[in-house]
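Throughout, numbering of the chain's residues begins at 1 and tracks the sequence. Side chains are part of it too, since the values below use all heavy atoms of this structure and drop only hydrogens, waters and symmetry mates.
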Amino acid sequence: MANEIDTRCRLCLVMPAGGDVEASAGMLAEALSGGDVASLIIAGNPDDPAGLEAKAEAMVPLAHARGVAALIHNDIRIAQRTGADGVHIDSGPVDLAAAVAALHPNRIAGAAGVKSRHDALLAGEAEPDYVFFGRLDGDGGDRIFAPALELAAWWSSITVIPALVMGARSLASVGEAARAGIPFVALSRAVWGHERGPATAVAEACRHLDAVAEAVT
């Protein structure tokens, strides 16, 4: 089938830093009821590790209940303490290498902070589980940030390490990633700020991804 989960671009949700833990967890539970989600990145403020850990404690079980991989932003210890599936590292190659060494082979270490082909190739030398293109808060436009989309498409054409690209504030932006052959696309404000709620947003994003998968087969 053209729209089977393992043959199309899949969705990653980014939970932004800050905000009320209980309210954010409620929004996440609603979003995950809307359709297929591959992973969740729980973003954090480096000045508030306690806040990040509280969010992780609330959200990791919700993700796991839906078969979603939960990743913690830049904090291996919190990932380990909360039972998360791994980390999303955008703080540099040294931290990425440390995360790979600490977590592989049983947990995920994702590479981010990539701004060029050179950065991507350097990150790839650490053998991360994915390479993220864009910024976790880089979804301010209606379309995916063009340099990030171009880099992710290039990366997807040369290596088996999956690319994950940050989407835009428009749900339709996931189609850009899918048409470019990128296996994973992330959404944040397009989901959490949707006027009809996160579940509706995820369902609509999945419809866009299914439509592209059907069109290319």
Side-chain angles (χ1 to χ4, degrees), residues 5-6 9-17 21 24-25 28-29 31-32 36-46 48-114 119-139 148 152 155-156 159-167 177 182-188 191 202:
I5 289 172
D6 61 356
C9 179
R10 296 188 68 194
L11 185 62
C12 169
L13 299 181
V14 176
M15 180 59 70
V21 172
S24 296
L28 175 62
L32 296 179
D36 173 56
V37 175
S39 57
L40 166 71
I41 298 171
I42 304 171
N45 183 331
D48 184 23
L52 175 59
E53 185 161 0
K55 289 177 72 173
E57 288 175 343
M59 295 178 183
V60 169
L62 296 174
H64 287 172
R66 292 281 183 174
V68 174
L71 307 172
I72 308 301
H73 186 202
N74 285 340
D75 201 306
I76 297 171
R77 290 176 296 180
I78 290 177
Q80 292 173 326
R81 286 198 295 260
T82 60
D85 298 277
V87 291
H88 176 90
I89 301 292
D90 60 14
S91 52
V94 173
D95 289 344
L96 175 62
V100 170
L103 299 179
H104 278 185
N106 299 317
R107 294 189 184 183
I108 297 166
V114 172
D119 288 347
L121 292 170
L122 184 62
E125 291 178 0
E127 299 185 348
D129 295 282
Y130 65 85
V131 177
F132 178 88
F133 297 88
R135 301 194 321 266
L136 292 179
D137 62 351
D139 57 347
W155 182 257
S156 297
T159 181
V160 297
I161 299 175
L164 167 59
V165 67
M166 188 67 220
I182 300 164
F184 297 96
V185 59
L187 290 178
S188 185
V191 171
V202 168

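The environment of CZ in Arg77 is sparse: at most 12 heavy-atom neighbours from other residues, nucleotides or ligands sit within 6.0 Å.
The shortest side-chain heavy-atom distance between Ile41 and Leu164 falls under the 4.5 Å cut-off. Contact check for Pro128 versus Ile161: side-chain heavy atoms found under the 4.5 Å cut-off. Between Phe132 and Leu71 there is no side-chain heavy-atom pair separated by less than 4.5 Å. Counting heavy atoms from C-beta on, the side chains of Val87 and Arg107 never come closer than 4.5 Å. Side-chain contact check for Leu52 versus Ile42: some heavy-atom pair is nearer than 4.5 Å. Side-chain contact between Ile78 and His73 is absent, with no heavy atoms from C-beta onward closer than 4.5 Å. For the pair Pro93 and Glu125, the minimum side-chain heavy-atom distance is 4.5 Å or more. Glu53 has its side chain out of reach of Ile72: every pair of non-hydrogen atoms, C-beta onward, lies at least 4.5 Å apart.
Between the side chain of Asp85 and the main chain of Ala70, a donor-acceptor pair closer than 3.5 Å is present. When atom types are taken as modelled, the side chain of Asn74 and the backbone of Asp90 share a donor-acceptor pair closer than 3.5 angstrom. With Ser156 contributing its side chain and Ala163 its backbone, the two residues share no donor-acceptor pair below 3.5 Å.
Nearest heavy atoms, Asp119 versus Gly113: OD2-O, 4.2 Å. Nearest heavy atom pair, residue Ser24 against residue Met15, reads O-CE, 3.5 Å. When all heavy atoms are compared, the tightest approach of Leu13 to Ala31 is CD1-CB, 3.9 Å. The two residues Ala25 and Leu62 have their closest heavy-atom pair at O-CD1, 3.4 Å. Between Val21 and Ala58, the shortest heavy-atom distance links the atoms CG1-CB, 3.8 Å. Taking each heavy atom of Ala123 and Leu96 in turn, the nearest pair found is O-CD2, 3.8 Å.
The aromatic rings of Phe133 and Trp155 lie tilted to each other, with the angle between the two planes from 30° to 60°.
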Note to self: Would Val14 and Met166 count as a side chain to side chain contact (heavy atoms under 4.5 Å, CB included) here? Give the steps.
What the structure shows: CA-CA 9 Å; Val14 176; Met166 188 67 220; 4.3 Å; yes

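If you take CG on Leu32 and CG on Leu40, they are separated by 7.0 Å, rounding to the nearest 0.5 Å. Taken to the nearest 0.5 Å, the SG atom of Cys12 stands 8.5 Å off from the CG atom of Leu187.
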